[in-house]
Peer 1: 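If you scroll down you'll find the structure; I have some questions about it.
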Amino acid sequence: MVKIGVIGAGGRMGRMLIQAVAQNPQTTLAGAIERQGSSLLGVDAGELVNLDKTNVALVDDLAGVIHDIDVLIDFSLPESTAKNLQLCADKGVNMVIGTTGLNDEQNAILKQASEKIAIVYAGNYSTGVNLTLKLLEMAAKAFGDSADVEIIEAHHKHKIDAPSGTAYMMAEAVAKGRGQNLKDVAIYGREGQTGARKAGEIGIHAIRGGEIVGDHTVMFIADGEIVEITHKARERMTFAAGAVRAAVWVNEQQTGQFDMQDVLGLKD
């Protein structure tokens with residue numbers, strides 16, 4: 001059994017992860033970490049999600065339980081994830097990270113940590129999304145520069161970063177298929193006198209509202225035809241189950257940075 005720790009156990013994603021750990025026959029919950037001052041501290045993690053008692057109480061100190069954990073799953077904030085990376089690297093605990101919006105400094109910390117531990121880092125853990133990435137790369141290679149590409153993503157009103165990590169992944173897949181550097185061709189929304197669209201641009205647009213779990217559409221707009229590749233998530237358990245699957249996989253790795261395509265065996 002792989003012993004799993006969950007960061008942000010009291011949040012919406014954290015609760016889903018606790019349920020996913022309980023549902024996976026290869027995993028058991030060994031740590032549930034919540035922010036300092038939370039009213040949920042001390043609550044049994046199983047009872048928190050209406051499951052049988054786990055005898056794992058929510059705590060506010062990762063360092064106090066890290067020796068019980070094989071793999072830490074972290075879907076928190078960039079600042080928190082950076083601290084957790086350093087602690088896990090020091091203690092030899094592998095990680096699954098779903099935190100989006102890491103800056104250059106935090107990405108550097110992730111890279112350094114991957115020299116000591118194995119890390120799966122992905123903007124999306126659903127099987128469907130990762131299959132979609134393969135389709136996007138194929139479509140980008142086929143169309144080349146003959147099609148304009150626009151990416152539209154929609155999420156719930158509570159999401160604090162934009163565009164989504166999944167939109168970035170999709171844009172990177174398109175750029176890879178066309179032999180481009182995404183930083184050179186990405187356009188984030190449009191406003192004012194933008195001039196004519198430049199060949200090779202990848203437009204990325206974000207919508208926020210209601211309780212949308214996550215919708216992504218990539219349009220390949222060619223002369224005379226349009227191809228749309230769309231993925232729609234309907235429940236967060238899809239992401240949680242994928243993250244737990246990644247945790248089982250990364251537990252067998254030594255060091256390095258991986259993504260969900262590695263976990264699913266989709267890499268060329």
Side-chain angles (χ1 to χ4, degrees), residues 78 97-108 110-111 121-234 238-239 257 259-262 264 266-268:
I97 299 174
T99 306
T100 57
L102 300 185
N103 61 29
D104 290 344
E105 180 181 354
Q106 292 154 351
N107 274 309
L110 188 152
K111 183 177 181 181
Y121 175 47
N124 194 300
Y125 282 88
S126 92
T127 299
V129 162
N130 283 278
L131 288 172
T132 299
L133 296 177
K134 293 296 289 186
L135 295 174
L136 291 173
E137 187 175 342
M138 291 170 59
K141 287 180 179 178
F143 277 112
D145 292 333
S146 68
D148 297 325
V149 178
E150 296 288 311
I151 300 172
I152 304 166
E153 60 97 340
H155 282 82
H156 53 85
K157 60 187 176 184
H158 311 289
K159 189 169 177 59
I160 62 174
D161 62 316
S164 68
T166 302
Y168 280 119
M169 292 167 65
M170 290 180 169
E172 288 281 10
V174 172
K176 180 180 178 182
R178 300 203 299 196
Q180 297 173 307
N181 184 330
L182 181 60
K183 290 183 178 180
D184 296 334
V185 296
I187 300 295
Y188 299 98
R190 295 185 179 85
E191 181 182 10
Q193 298 297 318
T194 60
R197 191 186 200 281
K198 296 179 181 178
E201 288 181 350
I202 299 175
I204 306 173
H205 314 274
I207 297 168
R208 296 290 176 266
E211 295 297 331
I212 302 171
V213 175
D215 293 356
H216 296 82
T217 294
V218 181
M219 303 174 67
F220 292 85
I221 309 168
D223 292 340
E225 62 180 346
I226 299 174
V227 173
E228 294 185 0
I229 298 177
T230 296
H231 179 273
K232 294 180 180 288
R234 287 296 168 257
T238 300
F239 309 130
Q257 182 177 331
D259 59 26
M260 197 59 180
Q261 302 247 326
D262 292 302
L264 297 173
L266 295 175
K267 289 287 181 71
D268 295 331

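Remember, predicted model here, so these are calculated numbers, not experimental data.
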Peer 1: Check side chain to side chain contact (heavy atoms under 4.5 Å, CB included) between Ala140 and all other residues, then give those that pass, not counting sequence neighbours.
Peer 2: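 Result, side chain to side chain contact (heavy atoms under 4.5 Å, CB included) vs Ala140: Val174, Arg178, Phe220.
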Peer 1: Mind listing the closest non-hydrogen atom pair of Glu201 and Ile187 along with its distance?
Peer 2: CD-CG1, 3.6 Å
Peer 1: Inspect the contact between Glu172 and Lys176 and indicate whether a charged nitrogen and a carboxylate oxygen are less than 4.0 angstrom apart.
Peer 2: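 No, no charged N to carboxylate O under 4.0 Å.
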Peer 1: Which residues pass the salt bridge (Lys or Arg N to Asp or Glu O under 4.0 Å) test with Arg208, not counting sequence neighbours?
Peer 2: Glu153
Peer 1: State whether the side chain of Ser146 and the backbone N or O of Phe143 hold a donor-acceptor pair below 3.5 Å, judged by distance alone.
Peer 2: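 Yes, because the side chain of Ser146 sits within donor-acceptor range (under 3.5 Å) of the backbone of Phe143.
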Peer 1: Rounded to the nearest 0.5 Å, what separation is found between the CG atom of Asp148 and the CD1 atom of Ile202?
Peer 2: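 If I round to the nearest 0.5 Å, the distance is 11.0 Å.
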Peer 1: Sorted by first residue and then second, give each salt bridge (Lys or Arg N to Asp or Glu O under 4.0 Å) pair with at least one member in residues 219-232; sequence neighbours left out.
Peer 2: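 Every pair satisfying salt bridge (Lys or Arg N to Asp or Glu O under 4.0 Å) with a residue in residues 219-232: Asp215-Lys232.
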Peer 1: Find the distance between OG1 (Thr100) and NZ (Lys159) and round it off to the nearest 0.5 Å.
Peer 2: 4.0 Å
Peer 1: What are the two closest heavy atoms between Leu136 and Ile229, and how far apart are they?
Peer 2: CD2-CD1, 3.8 Å
Peer 1: Looking at Lys134 and Leu266, would you say the former's side chain and the latter's main chain have a donor-acceptor pair under 3.5 Å?
Peer 2: yes
Peer 1: Identify the two heavy atoms, one from Ser164 and one from His155, that lie closest to each other, and give their separation to 0.1 Å.
Peer 2: CB-CE1, 3.4 Å
Peer 1: For the atom pair CE (Met219) and CD (Glu150), what is the distance rounded to the nearest 0.5 Å?
Peer 2: 8.0 Å
Peer 1: Apply ring-ring contact (aromatic ring centres under 6.0 Å, His included) to Tyr125 and list each qualifying residue two or more places apart in sequence or on a separate chain.
Peer 2: Phe75
Peer 1: CE/Met169 to CG/Leu182 distance, rounded to the nearest 0.5 angstrom?
Peer 2: 13.0 Å
Peer 1: Can you see which heavy atom on Thr238 is nearest to which on Ser126, and at what distance?
Peer 2: CG2-CB, 3.4 Å
Peer 1: With sequence neighbours excluded, tell me which residues meet side chain to side chain contact (heavy atoms under 4.5 Å, CB included) with Leu102.
Peer 2: Pro78, Thr99, Gln106, Asn107, Leu110, Tyr121
Peer 1: Who passes salt bridge (Lys or Arg N to Asp or Glu O under 4.0 Å) against Asp145, sequence neighbours left out?
Peer 2: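 Counting only residues at least two positions away or on another chain, Asp145 forms no salt bridge (Lys or Arg N to Asp or Glu O under 4.0 Å).
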Peer 1: At their closest point, which heavy atom of Met260 faces which heavy atom of Asn124, and how far apart are they?
Peer 2: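 So the two residues come closest at CB-O, 4.1 Å.
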Peer 1: Please round to the nearest 0.5 Å and tell me the distance separating atom CZ of Arg234 and atom CD1 of Ile212.
Peer 2: 8.5 Å
Peer 1: Before you tell me yes or no, could you show the steps for Lys198 and Val185 under side chain to side chain contact (heavy atoms under 4.5 Å, CB included), namely the whole-Å CA-CA distance, both residues' side-chain angles and the distance that decides it to 0.1 Å?
Peer 2: CA-CA 9 Å; Lys198 296 179 181 178; Val185 296; over 6 Å; no
Peer 1: Is there a donor-acceptor pair under 3.5 Å between the side chain of Gln261 and the backbone N or O of Asn130?
Peer 2: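 The answer is yes, because a donor-acceptor pair under 3.5 Å joins these two groups.
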Peer 1: Is it the case that atom CD in Glu211 sees more than 12 heavy atoms from other parts of the structure closer than 6.0 Å?
Peer 2: yes
Peer 1: So, taking the atom named CZ in Phe239 and the one named OG1 in Thr166, what distance separates them when rounded to the nearest 0.5 Å?
Peer 2: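 It comes to 6.5 Å.
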Peer 1: His156 and Val213: which non-hydrogen atoms are nearest, and at how many Å?
Peer 2: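 So the minimum-distance heavy-atom pair works out to CD2-O, 4.4 Å.
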